[in-house]
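This report concerns only the one structure given below.
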Amino acid sequence: MFPSSNSSFSPSAMFSVYASLSGSMMLFRSMLNDFVPEQLRSYIYENLMGRFFTPKSKNLTLIIDENSKFKKNQVYEAAEMYLRTKIGPETERLRVSKTSKQKHFTVTIAKGEAIRDTFEDFQVKWLCVTENEKSDKSDKAKRHYELKFEKKLRERVLDSYLNHVIAESEKIKKSLRVVNLYSRDVHGCRDDDGGGAGAGWGCISLEHPSTFDTLAMDPSAKKKIIDDLDRFLKRKEFYKRVGKAWKRGYLLYGPPGTGKSSLIAAMANYLKFDVFDLDLSSIYGNADLKRVLLSTTNRSILVIEDIDCNAEVRDREDEIQGSGKGRGKRKHRDDVDDESDDDQDSQLTLSGILNFIDGLWSSFGDERIIVFTTNHKDRLDPALLRPGRMDMHINMSYCTGLAFRTLVTNYLGIDGLNHPLCEEIEKLIDSTEVTPAELAEELMQDDDTDVVLRGVISFVEKRKGKKNKVKAKEDVSACKEVVTDKDDSHGKQSSMKNQKQAGKPKGRIMKRQKLT
Ligand SMILES: Nc1ncnc2c1ncn2[C@@H]1O[C@H](COP(=O)(O)OP(=O)(O)OP(=O)(O)O)[C@@H](O)[C@H]1O
Ligand SMILES: [Mg+2]
């Protein structure tokens, strides 16, 4: 029927070939329509004919369904989060949503929209596809993403690109995460995920604005804390290898108003960890403590503020001697063996608390941080201070000149380095005991920067003068005591004790003794 390859094509021969071919095709098609059932026909068209007549594609498409085996598909969720950051000007339709509890709008690409992404040296194309699930009478839309790329990139997309999408989405999720503040005297929980803790914990979102940038602290001390937190987060395998629970304890100590609570908020905002604020006076005993602590969640900071004010963790001698002062029921860890389990469970003891810090119960949960704060480190039970109990002791002390610069930037919005009055204040502060809270108060007194800074100078000078006066008074009275009771060894001892309480070194007394 076809002319041989070496024969010449005349128009009439070509026309006759075309006519006979199209005639045969029509005949074949009408036979197919008349005798073959519709389903089989579409199969032939789509699969057999398509295979022969469609040119082979160079591209590969991955289908990423919303659910996999009735569970959320992690790749789909990651893609949804990741693609939010890839929406470009060429996108024409977007989906926007927000619940009353969410802070930000959720913007995702709409059905049929495509997004191109570049990774390393190749490009991929994402397509959002929504199909109606016919089997489902509720007409629920079934969604999936299609990820299109060149076939030769298959390994790189599956190995590197999808992992990159998941890692990036984790970062985005972390940055969007609302940090919750849990307490046992709050009811209900404003938790978007509907998750949260049980055992009476209620929560609100922690909207404390403190960050490591706004925290006035010695820069090197601040860096040490940030590095410690970073190292802690990265060390999951390390903790496993050395046989230690993946948790870290910080003891923050210092006078009121030096930023202990602000540091906790800064840590929570930095790590995006929830905060569990535990008031020990609301705990009935070790059993209750166990229940309450076990219901806290991973990636959280457990805070026990003013731990020296909790009778359970101070006055160890009192407990050991069983003097009956304070709460007679308190028991020390060393006495645990003598007590029945029932007794232990109905009392809150230091041993109960320590059990959660480094005892058997310390291994519950992952990525836990425990923070104790105190204004009086010296009042704490030495058991709490023993090496290994609290991993880092952080001294939140009076404000230093360097820390004051951060306050100036926070409150006045200027760089303290460039202001002549700041230099003077920094020198003054370094030799005076003023807290960041006091200085913060002064920095809010006026809108005029110079007026404010002069106010700070007179405040600090006043404080310095007062302190010098008190010091002089104490020195004089100490000297008097030494002089009047010169031969009385008891008197000498008591004057030394006074000096010690005032926080002064013994050397000063000796000097004064010689002078008088
Ligand atoms: N280091 C600091 N950096 C920035 N602001 C601070 C700092 N310390 C205190 N402030 C300011 O003073 C206020 C009180 O500080 P904060 O509650 O953190 O002190 P604290 O050490 O926890 O005090 P307390 O021992 O009474 O609990 C904070 O809200 C903040 O405005
Ligand atoms: Mg505090």
Side-chain angles (χ1 to χ4, degrees), residues 179 181-183 185 204-226 228-229 249-271 273 275-282 301-310 313-314 369-380 384 390 392-416 422 425-426 429-430 432-446 452-453 455-456 459-460 463:
V179 176
L181 171 63
Y182 287 84
S183 170
D185 28 357
I204 54 163
S205 55
L206 176 75
E207 282 169 9
H208 201 297
S210 175
T211 63
F212 278 113
D213 288 335
T214 64
L215 196 69
M217 221 181 150
D218 199 58
S220 63
K222 200 192 285 189
K223 186 172 179 303
K224 217 169 151 191
I225 300 171
I226 297 173
D228 194 73
L229 291 172
Y250 297 92
L251 173 71
L252 314 186
Y253 64 96
T258 49
K260 295 178 294 299
S261 304
S262 307
L263 173 57
I264 295 170
M267 281 176 160
N269 286 328
Y270 180 72
L271 298 170
F273 276 20
V275 176
F276 285 84
D277 183 16
L278 180 63
D279 176 5
L280 284 185
S281 64
S282 71
I301 303 178
L302 173 73
V303 178
I304 304 181
E305 289 247 45
D306 299 318
I307 191 141
D308 55 291
C309 299
N310 287 287
V313 286
R314 66 175 158 92
I369 286 177
I370 301 176
V371 180
F372 290 154
T373 74
T374 177
N375 296 139
H376 306 279
K377 192 182 173 189
D378 52 319
R379 286 192 199 163
L380 292 184
L384 258 178
M390 301 311 281
M392 212 174 171
H393 294 192
I394 301 170
N395 182 8
M396 298 299 285
S397 188
Y398 293 105
C399 196
T400 59
L402 279 180
F404 180 69
R405 274 188 209 167
T406 311
L407 288 179
V408 168
T409 312
N410 292 350
Y411 287 82
L412 305 179
I414 59 163
D415 186 350
C422 285
I425 297 173
E426 282 178 24
I429 286 177
D430 277 332
T432 318
E433 288 182 351
V434 271
T435 64
E438 288 169 324
L439 291 168
E441 189 76 24
E442 286 302 314
L443 288 169
M444 288 196 292
Q445 296 299 326
D446 203 289
V452 168
L453 291 176
V456 173
F459 171 79
V460 181
R463 170 64 56 85

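All of these numbers come straight from a predicted model, not from anything done at the bench. In each ligand, atom 1 is the first atom listed, and ligand 1 is the first ligand listed.
When only non-hydrogen protein atoms are considered, atom 18 (O) of ligand 1 lies nearest to S262 OG, 2.6 Å. Among protein heavy atoms, the minimum distance from atom 5 (N) of ligand 1 is reached at L407 CD2, 4.1 Å. Nearest non-hydrogen protein atom to atom 23 (O) of ligand 1 is G257 N, 2.9 Å. Scanning the protein for heavy atoms near atom 26 (O) of ligand 1, the closest one is P256 CB, 3.6 Å. Nearest non-hydrogen protein atom to atom 13 (C) of ligand 1 is A437 CB, 4.2 Å. Among protein heavy atoms, atom 27 (O) of ligand 1 sits closest to S261 OG, 4.0 Å. The shortest contact between atom 21 (O) of ligand 1 and any protein heavy atom is with K260 NZ, 2.7 Å. Closest protein heavy atom to atom 7 (C) of ligand 1: P436 CB, 3.4 Å.
Below 3.5 Å of separation, one finds no N or O of D306 facing any N or O of ligand 1. The shortest N/O to N/O separation between M217 and ligand 1 does not fall below 3.5 Å.
The shell of residues lying under 4.0 angstrom from ligand 1, judged by heavy atoms, excludes T373. Residue Y411 places a heavy atom less than 4.0 Å from ligand 1.
The number of heavy-atom neighbours closer than 6.0 Å to CD of Q445, taken from other residues, nucleotides and ligands shown, is above 12.
Among the atoms of S261, an N, O or S atom is found under 2.8 Å from the Mg ion (ligand 2).
For the atom pair L380 CG and T374 OG1, the distance stands at 4.5 Å (nearest 0.5 Å).
Between G254, S210, A216, it is A216 that holds the heavy atom closest to atom 1 (N) of ligand 1.
A donor-acceptor contact under 3.5 angstrom links the side chains of D279 and S281, judged on distance only.
Remark: ligand 1 atoms within the under-4.0 Å shell around heavy atoms of N375 are 25 (O).
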